[in-house]
Colleague: 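Let me give you the structure first, and then I'll get to my questions.
Letters A, B, ... are given to chains in the order of the sequence lines, protein chains preceding strands, and every chain is numbered from 1. None of these values were measured; they are calculated from a predicted model.
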Number of protein chains: 2
Amino acid sequence: MDEGGNEAFAADDEVPRDGTGRRPITLADVAREARVGESTVSRVLRSHGSFSETTRARVEAAVARLGYVPNRIAGTLASTGSRLIGIVIPSLTNIVFPDLLRGATAALEQEGFQSVIAVTDYDQDREEAVVGSLLSWRPAGLIVTGLEHNPGTRRRLVASGVRVAELLDIDGPGLDIVVGYSNRAAGEASARHLAGRGYRRIGYIGHDLTRDKRAAKRYAGFREGLAQVGLAPAGEERVASPSSVEAGRHGLEALLARVPDLDAAYFSNDDMALGGYFHCLAHGITVPGRLALFGYNGLDVGRLMPQPLATIRTPRVEAGATAARLLCTGGPATVVDLGFELIEGATA
Amino acid sequence: MDEGGNEAFAADDEVPRDGTGRRPITLADVAREARVGESTVSRVLRSHGSFSETTRARVEAAVARLGYVPNRIAGTLASTGSRLIGIVIPSLTNIVFPDLLRGATAALEQEGFQSVIAVTDYDQDREEAVVGSLLSWRPAGLIVTGLEHNPGTRRRLVASGVRVAELLDIDGPGLDIVVGYSNRAAGEASARHLAGRGYRRIGYIGHDLTRDKRAAKRYAGFREGLAQVGLAPAGEERVASPSSVEAGRHGLEALLARVPDLDAAYFSNDDMALGGYFHCLAHGITVPGRLALFGYNGLDVGRLMPQPLATIRTPRVEAGATAARLLCTGGPATVVDLGFELIEGATA
DNA sequence: GTCCGGATTGGCAGCGCTGCCAAATCGGGC
DNA sequence: GCCCGATTTGGCAGCGCTGCCAATCCGGAC
């Protein structure tokens with residue numbers, strides 16, 4: 001714990017002599033410095049309304065001289081919209097959600113918006129709480145994950161009047177804007193693909209389905225897909241933990257111990273599938289000869305395995321970006337189905 | 001503006017019919033409904049100052065009846081502090097930064113703060129721009145990544161007077177709070193470990209070091225470590241792209257083509273190392289017999305490979321949490337070295 | 001020189017809340 | 001029954017900005 005020290009910067013040219021302790025610089029200071037009215041400064045800074053080129057230069061010079069940073073808190077209060085978008089995601093552990101964030105923040109930046117984020121840990125009560133917190137910032141819009149919310153959350157969302165985009169799922173009724181793809185259909189497509197390749201003793205390795213509603217929908221779709229060709233899962237293993245490479249590895253090990261003659265394993269996502277692949281490598285199980293593997297999400301890592309993973313690629317980044325743009329531009333309530341892509345890979 | 005009226009909420013359980021178009025509910029409405037003064041409502045809602053139990057109940061009932069959500073924009077403007085922390089990270093693609101975010105948001109939530117995030121893509125000019133945007137929200141503090149910033153960024157940070165925490169690096173002078181570990185020392189430790197295990201022809205596979213300053217410091221430390229035992233890299237491969245599994249896989253392939261007698265490969269991080277491992281698996285290269293692999297970060301996936309990856313575990317989540325807590329509680333400027341842990345694994 | 005429409009500009013009332021201060025109320029002790 | 005200090009409460013002036021409206025200025029047309 002030693003002193004880092006700011007004097008490192010007081011150094012010569014750049015930094016203005018102080019910055020701390022001084023009364024913060026306001027728009028009124030800039031107006032005085034530039035010898036124009038406050039409204040004129042405001043107009044110039046927002047490039048809104050009309051003003052002469054001379055004025056613009058004067059104002060900009062004053063801003064630079066004083067190092068003025070507009071106060072958006074005040075600006076938001078005075079005007080209406082807030083140029084803030086709240087983003088609610090269940091987790092930051094699964095790369096899917098950072099991907100969503102990435103798409104959203106990139107699109108928001110283009111539109112001049114900022115994002116406030118909150119994480120629910122797949123807990124609907126926490127979701128209700130964080131939605132409340134986010135709404136207290138009077139955001140221009142809210143991005144939430146999935147279509148399932150508890151009554152309190154729905155009430156708040158609707159009552160607030162802010163635009164809401166629900167992401168990564170379209171299997172069910174939405175509140176306003178919905179951007180995603182069908183998890184049910186993805187599960188079904190996976191099952192049909194595996195069945196189509198001749199696998200018959202297909203097992204399922206998943207994680208906590210009571211919390212992750214989208215994984216539950218994929219699972220339901222998967223069972224439907226199998227049923228359509230007269231099959232049923234040859235065995236299932238659900239780990240209680242969140243999805244992870246570890247859960248996939250141990251899950252497959254456990255399932256194979258109970259159902260040794262499995263010929264294919266469908267995982268609730270690519271992380272789990274990668275874990276399963278590692279288990280196969282470690283135990284000399286030939287893939288896909290002895291056991292086929294199928295994932296979900298289409299992560300990069302799957303593409304780069306010695307045998308590319310059979311999986312379904314989901315447009316997560318695009319979903320974030322699309323939702324962000326729709327919220328900023330404020331169109332009508334819609335459902336945008338971005339679809340998904342089945343990647344055959346080499347593990348099935 | 002039709003008068004929706006408050007009975008919308010009185011309505012039993014679910015969603016009120018409307019919510020849009022109605023004049024938003026303010027603290028004054030609550031005061032009127034509860035038949036108390038505005039300041040009293042404010043005091044009750046913030047549990048600040050004194051009021052009777054009766055009053056609390058009256059106010060809380062009114063809040064519930066009206067479905068009032070406090071406006072923190074107004075609250076922030078009226079008071080001083082903002083209970084917002086800005087977080088600036090270079091990327092969301094590398095799981096390291098979501099991990100940092102995870103630690104920070106969890107700690108912030110406990111303290112009743114919200115986080116606003118911005119992504120720089122490892123570009124210092126973008127960093128300067130997003131720091132400006134974040135400061136315009138008058139955050140209580142700012143978390144930035146690394147110690148290297150361009151002069152404009154430093155000027156803004158210092159002039160703003162907000163607390164700043166610089167994360168994931170302690171090799172250099174900081175502005176205020178610094179939380180992280182020594183990347184240089186990590187690189188050095190990696191080199192010494194490999195040399196200590198008898199490897200002599202050690203190659204380096206890295207990504208764009210001009211943008212990722214911390215990776216550059218590890219690289220420098222790595223060279224120093226080798227030099228200490230009279231060695232120099234037996235070969236190097238730098239891919240121009242950001243770090244990724246793909247870059248690691250192709251990087252190792254390229255390096256082996258040029259330097260076939262390599263006996264160990266040091267990667268700029270675990271993603272790259274995983275790619276290298278996949279290359280070895282795909283081409284029958286025995287690990288570590290024919291080629292040893294060493295990564296950086298200590299990701300879960302490395303631990304679960306058939307042979308656990310030799311790497312260095314970094315406390316990223318802890319760094320985010322520590323920084324967040326220090327910012328919220330507002331102690332003195334300090335440097336917190338969280339250290340790192342060398343994991344021997346089985347690939348070296 | 002005068003008048004007119006459009007381009008510029010400044011003044012000022014809020015946005016919804018908090019902080020300060022004064023007023024009202026309460027609960028003994030005498 | 002009255003006084004005093006402590007507790008509880010309400011009023012109101014901002015916080016820094018934007019939006020509205022009125023004032024001013026400019027350059028021709030008459």
Colleague: Counting side-chain heavy atoms from CB outward, which of dT18(C), dG10(D), dG16(D) is closest to T40(B)?
Modeller: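 Selected nucleotide (nearest to the side chain): dG10(D).
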Colleague: Can you tell which of dC17(D), dG16(C), dT8(D) lies closest to the side chain of T55(B)?
Modeller: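 Looking only at side-chain atoms, T55(B) lies closest to dT8(D).
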Colleague: Report yes or no: is there a donor-acceptor pair, N or O only, under 3.5 Å between the side chain of S39(B) and the base of dG11(D)?
Modeller: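 Per atom types, the contact qualifies.
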Colleague: Toward the 5' end of DNA chain D, which comes first, H48(A) or V36(B), by nearest nucleotide?
Modeller: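 The residue whose closest nucleotide sits nearer the 5' end is V36(B).
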Colleague: Does a side-chain N or O from S50(A) land closer than 4.0 Å to OP1 or OP2 of dT8(C), or not?
Modeller: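 Indeed, a polar side-chain atom of S50(A) lies that close.
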Colleague: The side chain of N71(A) lies closest to which of these nucleotides: dG16(D), dC17(C), dT18(D)?
Modeller: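 So the side chain of N71(A) is nearest to dG16(D).
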Colleague: Please tell me which of V69(B) and F51(A) maps to the more 5' nucleotide of DNA chain C, matching each residue to the nucleotide holding its nearest heavy atom.
Modeller: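 Nearest-nucleotide comparison on DNA chain C picks F51(A).
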Colleague: Determine: side-chain N/O of R46(B) to OP1/OP2 of dG19(C), distance under 4.0 Å, yes or no.
Modeller: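 For dG19(C), OP1 or OP2 has a side-chain N or O of R46(B) closer than 4.0 Å.
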Colleague: Would you mind reading off the distance between E53(A) atom CD and dC26(D) atom P, rounded to a whole angstrom?
Modeller: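 Going from CD in E53(A) over to P in dC26(D) covers 17 Å.
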Colleague: How long is the line joining CD1 of I25(B) and P of dC17(C), in whole Å?
Modeller: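 About 11 Å, once rounded to whole Å.
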Colleague: Can any side-chain N or O of T329(B) pair as donor or acceptor with the backbone N or O of R325(B) at less than 3.5 Å?
Modeller: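 Answer holds: yes.
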Colleague: Whole-Å distance between dT9(C) C1' and L27(A) CG?
Modeller: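 Value for this atom pair: 14 Å.
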Colleague: Return the 5'-most residue of the pair T54(B), L77(B) with respect to DNA chain D, ranking by each residue's nearest nucleotide.
Modeller: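 Between the two, 5'-proximity favours T54(B).
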Colleague: How many whole angstroms separate atom CZ of R56(A) from atom C1' of dA7(C)?
Modeller: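 One finds 15 Å between C1' of dA7(C) and CZ of R56(A), rounded.
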Colleague: Could you state the CG-P distance from D29(A) to dC15(D), rounded to the nearest angstrom?
Modeller: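 My rounded result for the distance is 12 Å.
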Colleague: To the nearest angstrom, how far is R58(A) atom CZ from dT8(C) atom P?
Modeller: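 The answer, rounded to whole Å, is 15 Å.
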Colleague: So, OP1 or OP2 of dT8(D): does either fall under 4.0 Å of a side-chain N or O from S52(B)?
Modeller: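 So the side chain of S52(B) is outside the cut-off, no N or O lying under 4.0 Å from OP1 or OP2 of dT8(D).
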Colleague: For the pair made of CZ in R83(A) and C1' in dC15(C), what is the distance, rounded to whole Å?
Modeller: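 Computing the R83(A):CZ to dC15(C):C1' distance gives 18 Å.
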Colleague: Give a yes or no on whether the backbone of T26(A) and the side-chain of D29(A) come within a donor-acceptor separation of less than 3.5 Å.
Modeller: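 Such a contact is found between D29(A) side chain and T26(A) backbone.
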Colleague: Going by modelled atom types, is there a donor-acceptor pair between the base of dG10(C) and the side chain of R43(A) at under 3.5 Å?
Modeller: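 When only heavy-atom distances are counted, R43(A) does reach the base of dG10(C) through a donor-acceptor pair under 3.5 Å.
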Colleague: Report the residue from E166(B), Q124(B), K213(B) that forms a side-chain hydrogen bond (donor to acceptor under 3.5 Å, both in side chains) with H149(B).
Modeller: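 The single option meeting the side-chain hydrogen bond (donor to acceptor under 3.5 Å, both in side chains) with H149(B) is E166(B).
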Colleague: Counting side-chain heavy atoms from CB outward, which of dG16(C), dT9(C), dG16(D) is closest to P24(A)?
Modeller: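 Of the options given, the side chain of P24(A) lies nearest dG16(D).
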Colleague: When you measure from the side-chain N and O atoms of S42(A) to the phosphate of dT18(D), is any distance below 4.0 Å, counting only OP1 and OP2?
Modeller: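 Indeed, a polar side-chain atom of S42(A) lies that close.
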Colleague: For I73(A) and dC17(D), what is the distance between atoms CD1 and P respectively, to the nearest whole Å?
Modeller: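 Atom-to-atom, I73(A) to dC17(D), this comes out as 11 Å.
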Colleague: Measure from the side-chain heavy atoms of S79(A) and tell me the nearest of dG16(C), dC17(D), dT18(D).
Modeller: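 Among the listed nucleotides, the one closest to the side chain of S79(A) is dT18(D).
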Colleague: Is the backbone N or O of E111(A) less than 3.5 Å from a side-chain atom of R83(A), with the two atoms forming a donor-acceptor pair by type?
Modeller: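 Yes, because the side chain of R83(A) sits within donor-acceptor range (under 3.5 Å) of the backbone of E111(A).
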Colleague: Donor-acceptor pair, S42(A) side chain versus E38(A) backbone, under 3.5 Å?
Modeller: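 Pair absent, no side-chain N/O of S42(A) close to backbone of E38(A).
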Colleague: Side chains of N150(A) and T153(A): donor-acceptor distance under 3.5 Å anywhere?
Modeller: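 Yes.
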